[in-house]
Amino acid sequence: MRSEEQKIIYLQDYKPSDYLIPKTEMWVDFTPDRTRITTDLYVERQDGAEEGAPLELDGEQLELVSIAIGDEVLGAGQYELSESGLKLLDPPKSFVLSTVVDVEPEKNKSLEGLYRSSGNWCTQCEAEGFRRITYFLDRPDVMSVFTVKMVADKDLAPVLLSNGNPVDSGEMSNNRHFAEWHDPHPKPSYLFAMVAGKLDKISENFTTKSGKKVDLNIYAEPGKAELCRYAMDALIRSMKWDEERFGCEYDLDVFNIVAVSDFNAGAMENKGLNIFNDKYVLADPATATDQDYALIERIIAHEYFHNYTGNRVTCRDWFQLCLKEGLTVFRDQEFSSDERFRDVERIDDVKGLRQSQFIEDSGPLAHPPRPSQYEQIDNFYTTTVYEKGAEVVRMLMTLLGKETFHKGVDLYLDRHDGEAATIEQFVKCFEDVSKRDLSQFQKWYTQAGRPQVSYSTAYDAESKQFTLKLSQEVPATPGDSEKSPMVLPIKFGLVSNNGDDLGWDSVEGAEVNDDLIVLDKEEATIVFHGVSSAPVVSLFREFSAPVTVQTQATLEEDLHRARLDGDPFNRWESLQSAVLNIVSPSMALDGPELDVDNLEQVAVALSQTLDSQDMSPSFKALSLRLPGYQDYAQRVGVNIDPDRIKRIKHEVDRLVADKLRGQLVTLYSSLHLPDTYEPDATQSGLRSLRNQSLAMLATLYDKQIFEMVDAHYRDAQNMTDRQAALSIMCANAPAQAEALLDHFKENYADPMTVFDKWLSLSASIDDDRTLDRIQSLMADERFSLETPNRVYALFGSFTQGNPTQFAREDGAGFDLIADIIMQIDKFNPQVAGRFAVAFRVWKNYESKRREAAHTALERIKQAENISPNLSEMVNKTLEG
Ligand SMILES: [Zn+2]
């Protein structure tokens, strides 16, 4: 156990560095068994720092070969070496520190720092990987101008890339060559990157709005470059969009992306040299689904957008992570909304938020978007920092209006260009442009937990007065029971009988501007005068604040909104909430019988949605997707029995499918798609509706329908349809699914991205043989625990997509995952830590499962040599 040694790092302890490194020159010599890195740091003591203050450089797993200040080689007494770094005891005010270190990328399975992936050298430095490359002040507020000279064998590594612009290259003796890169923009070390290897590329160029030509290249492993075309298209669209919407123009001569097959996360925004998990780059219609394409588009955009929000203006310290991530996720969401269907994108984003961030917020790992303490920063790359962080930025836009919001972003990018900023500085920019006090709003960054909102309404026909009472409460989260009210921007409408929004003559009781109520107190009574008839209130349109509405609307109100609400989000939301309200009580232990009559009314409303002329196919497809396991489990809350939830969910799906049977069959057979596949929003919407119709029909367990599914698989002309058919079979007919999965593996799963789909689908089957099946999947020669994509595909799908088998009553599912986490922890603590979140809901299970999960967690906790990452996660999960 190393957990006792773990140091907690506090935001309040932040102190600027005594030294800065305005310039860094590196010489990197790649050879097959080790890489030698020579670094010259131009060190300056900051004004105000104590004379003779020691310089403590971070450094891990480095073999120091030599060290010198200027021409003077340092002897043993002049510095101190430890496992975590190098300390210079009495350095001068201004000097050049030269170090030579050796590292062993071949042995690096943690995929942090410099490592090899399929023979190619690449780096991952965020958050603290650079200290595994050379000794440095590895913190985001120390920014340096980097020049990097790379040397390697021409055959082993014909391609040599680093940040910035290429400045020189040439031949050397012994079949070796070099390339020199210079990045004129000062950057923190976490944005440093190098790639050396055998890679193919595709190239395009882009002319910025001021007329500068930029070379664009996407590199992939040999033979895969043509699969990068869509990513290139997405990159060009992103560059254009960022100029038009945010005025951000690219600032180097080249922009390179490299796709690698071993990568812990999705992608990394290194300045001028983004490195991607190849899953988010490679695509063609035969191997990628519509959803894969959409993700590629979004992640390419996200990393590109970081060039301003993250790179030009970076974070002062890691507590400010959501400063770059929340803002950049918001930007990529907006990009997708502008490129695709805004209403559908919003629904998808909110579904994602609820299925991950809401669970985090309600459990032992709850934390604010800007935490005030951490042990391992790797564990804080969470959905709260990213997705909730984006919601906070979106609320700023809602509150201030789009125009003022954009002025605020402009000011932020201008005022802090080239700096390492904080959340306070970010919010201050919006205060300055809007003249609005945002100090209470800032609680969204510092207070964990999700407001629970209740409301009631009354209408007085005689006085034409409509009264809306609103209240909010933020529930306690681990370590924080004292909560204060948040600022809630509530977009709303008063929906009339015919669906039009009703107006009013005057209003009192809260700040109300057009379609926006601002609730900043625990409660408010808002009176609207001059409302001509009794409305149904529609609150939180477009999901204008990340809250949970506790008040259950009546079925009539929900169905009224589902049919007539002017806001597509609330139309969708009302239908979902109608189902949840009707069904969830039956899912609790000893809950009542399912209310079939009410459910039939929902089916009628759904049927009307399907017939509606003014909703898009993708919207209809989303509506057809009834609440999933996670939605129900969150509603049930405690004493969860996954088998019961799943059984009743099947009953509900079948009942609705039975009511809609004729309509679904017609939809499935009448929707025609163009012969040429395009991954755009229109075509993917049609495919999605067609596939969702079939998915719903399959819940009827009808032989004829299964034949349709089988034919759908065999006739599929693209991966979207093929995977949809397989997934429908896996969910409803395990025996038939196995035969199809064998066929799929045999015929399509040659690229690893498709092999991963095969793993995921196989692990999602819920039957008695699931655990045996997983053992045999792990035994496949192409499976490796060392490759994160394999692990995410197999075990991510199992823990999230197969809740009944993961949370088996006998605990075998928990045990399996505990074993896997402990194995991975030995070489890749980041991934192990991330996987431990599978247990975050353990206290919500009924007693038997709760006990079994507890035992599994304790077993991890007691394991020998558990990493600090995993230890922090397990301890918090157990204690919270
Ligand atoms: Zn990011």
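Note that ligands are numbered from 1 as they come in the structure, with each ligand's atoms numbered from 1 the same way. One is the number of the first residue; the rest follow in order along the sequence.
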Chemist: Is the closest side-chain heavy-atom distance between Lys324 and Phe426 below 4.5 Å?
Modeler: no
Chemist: Could you pull out all residues at least two apart from Phe136 that satisfy ring-ring contact (aromatic ring centres under 6.0 Å, His included)?
Modeler: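 ring-ring contact (aromatic ring centres under 6.0 Å, His included) list for Phe136, sorted by chain: Phe130, Phe146.
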Chemist: Looking at Phe335, I'd like to know if the NZ or CZ of Arg245 sits under 6.0 Å from its six-membered ring centre while staying within 45 degrees of the ring's axis.
Modeler: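 No - Arg245 does not lie over the ring of Phe335 by the 6.0 Å and 45° rule.
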Chemist: Using a cut-off of 2.8 Å, how many protein N, O or S atoms lie below it in distance from the Zn ion (ligand 1)?
Modeler: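 With waters ignored, the protein N/O/S count below 2.8 Å is 4.
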Chemist: Looking at Asn163 and Lys271, would you say the former's side chain and the latter's main chain have a donor-acceptor pair under 3.5 Å?
Modeler: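 Yes, because the side chain of Asn163 sits within donor-acceptor range (under 3.5 Å) of the backbone of Lys271.
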Chemist: Mark yes or no for whether Ser797, through its side chain, and Gly801, through its backbone, hold a donor-acceptor pair below 3.5 Å.
Modeler: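 Such a contact is absent between Ser797 side chain and Gly801 backbone.
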Chemist: Centres of the Tyr14 and Phe319 rings: under 6.0 Å?
Modeler: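 Ring centroids of Tyr14 and Phe319 are no less than 6.0 Å from each other.
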